[in-house]
Amino acid sequence: QVQLVESGGGLVQPGGSLRLSCAASGSIFSVKSMAWYRQAPGKERELVATITNGGSTDYADSARGRFTISSDNAKNTVLMEMNRLKPEDTAVYYCNVWVRTRIGYSNVYWGQGTQVTVSS
């Protein structure tokens with residue numbers, strides 16, 4: 001079993017910054033990719049940013065230029081620095097990790113989410 005622990009959410013004013021962290025633990029043979037999703041009330045969960053084990057990154061248009069995703073492969077941790085936050089960034093942010101649990105087997109795991117609220 002794989003567990004994801006997220007942290008770093010909170011309340012910030014527009015224009016402020018937050019740094020989200022997600023650490024994966026458990027039966028992990030290797031990590032294929034990590035990502036951050038978010039979901040606002042009444043809306044579908046959407047992809048914000050992703051990073052592969054090789055370091056390739058991609059961002060949603062709304063995040064590109066403001067958010068930076070990175071990873072520490074040795075610690076199975078994914079980070080996301082969020083700058084110049086806007087009220088529309090308010091959502092629950094979920095960590096997503098695609099892992100190989102053992103040879104021949106892989107699966108996707110989700111964290112419980114961390115609340116980000118951007119308000120004055």
Counting only heavy atoms from other residues, nucleotides and ligands, does the tally under 6.0 Å from CD of Gln3 exceed 12?
yes
Of all heavy-atom pairs linking Ala35 and Leu47, the shortest is CB-CD1, 3.9 Å
So, the side chain of Arg38 versus the backbone of Ala91: is there a donor-acceptor pair under 3.5 Å, distance only?
no
Just wondering, are more than 12 heavy atoms of other shown residues or ligands nearer than 6.0 Å to CD in Gln1?
no
Would you please say whether a donor-acceptor pair under 3.5 Å links the side chains of Ser17 and Asn83?
yes
Verify, without hydrogens or angle tests, whether Thr77 (side chain) and Lys75 (backbone) share a donor-acceptor contact under 3.5 angstrom.
yes
Minimal non-hydrogen separation, Pro14 against Ser120, with atom names:
CD-N, 3.7 Å
Pair up each side-chain donor or acceptor in residues 21-31 with any protein partner under 3.5 Å, not counting sequence neighbours, and list the distances.
none

Would you say the side-chain atoms of Thr114 pair up with the backbone N or O of Gly9, donor to acceptor, closer than 3.5 Å?
yes
When you measure from the side chain of Tyr59 to the backbone of Thr50, do you find a donor-acceptor pair of N or O atoms at a distance under 3.5 Å?
no
Have Arg19 and Thr68 got a donor and an acceptor in their side chains that come within less than 3.5 Å?
no
Which one of Asp72, Ile51, Leu20 satisfies the side-chain contact (heavy atoms from CB on, under 4.5 Å) criterion with Val78?
Ile51
Not counting sequence neighbours, list each pair that qualifies as a ring pair (Phe, Tyr, Trp, His ring centres under 6.0 Å) and has a residue in residues 84-105.
none
Measuring only between side-chain heavy atoms, which start at C-beta, is Met34 closer than 4.5 Å to Cys95?
no
Salt bridge present between Asp89 and Lys86 (N-O < 4.0 angstrom)
no
As a quick check of understanding, evaluate side-chain contact (heavy atoms from CB on, under 4.5 Å) for Thr90 and Val116, giving each step before the final call.
CA-CA 5 Å; Thr90 297; Val116 171; 5.9 Å; no
Apart from Leu11 itself, members of its ILVMFWY cluster (side-chain separation under 4.5 Å) are none
Less than 4.5 Å apart, side chain to side chain, heavy atoms only: is that true for Thr101 and Tyr109?
yes
Taking Val118's backbone N and O only, do any of them form a donor-acceptor pair with Gln13's side chain (distance below 3.5 Å, no angle check)?
no
Any heavy-atom pair between the side chains of Leu18 and Glu81 that's under 4.5 Å?
no
From Ser33 OG over to Asn96 CG, what is the distance, rounded to the nearest 0.5 angstrom?
6.5 Å
Are Leu4 and Met80 linked, directly or through intermediate hydrophobic residues, by side-chain heavy-atom contacts shorter than 4.5 Å (ILVMFWY only)?
yes
Is there a donor-acceptor pair under 3.5 Å between the side chain of Gln39 and the backbone N or O of Val92?
no
Quick one, Val97 and Val108 - any side-chain contact, counting heavy atoms below 4.5 Å?
no
Apply ring-ring contact (aromatic ring centres under 6.0 Å, His included) to Phe67 and Trp36, showing your working.
CA-CA 11 Å; Phe67 297 0; Trp36 286 98; over 10 Å; no
Please answer: with hydrophobic residues joined when any side-chain heavy atoms are less than 4.5 Å apart, are Val12 and Leu79 in the same cluster?
no
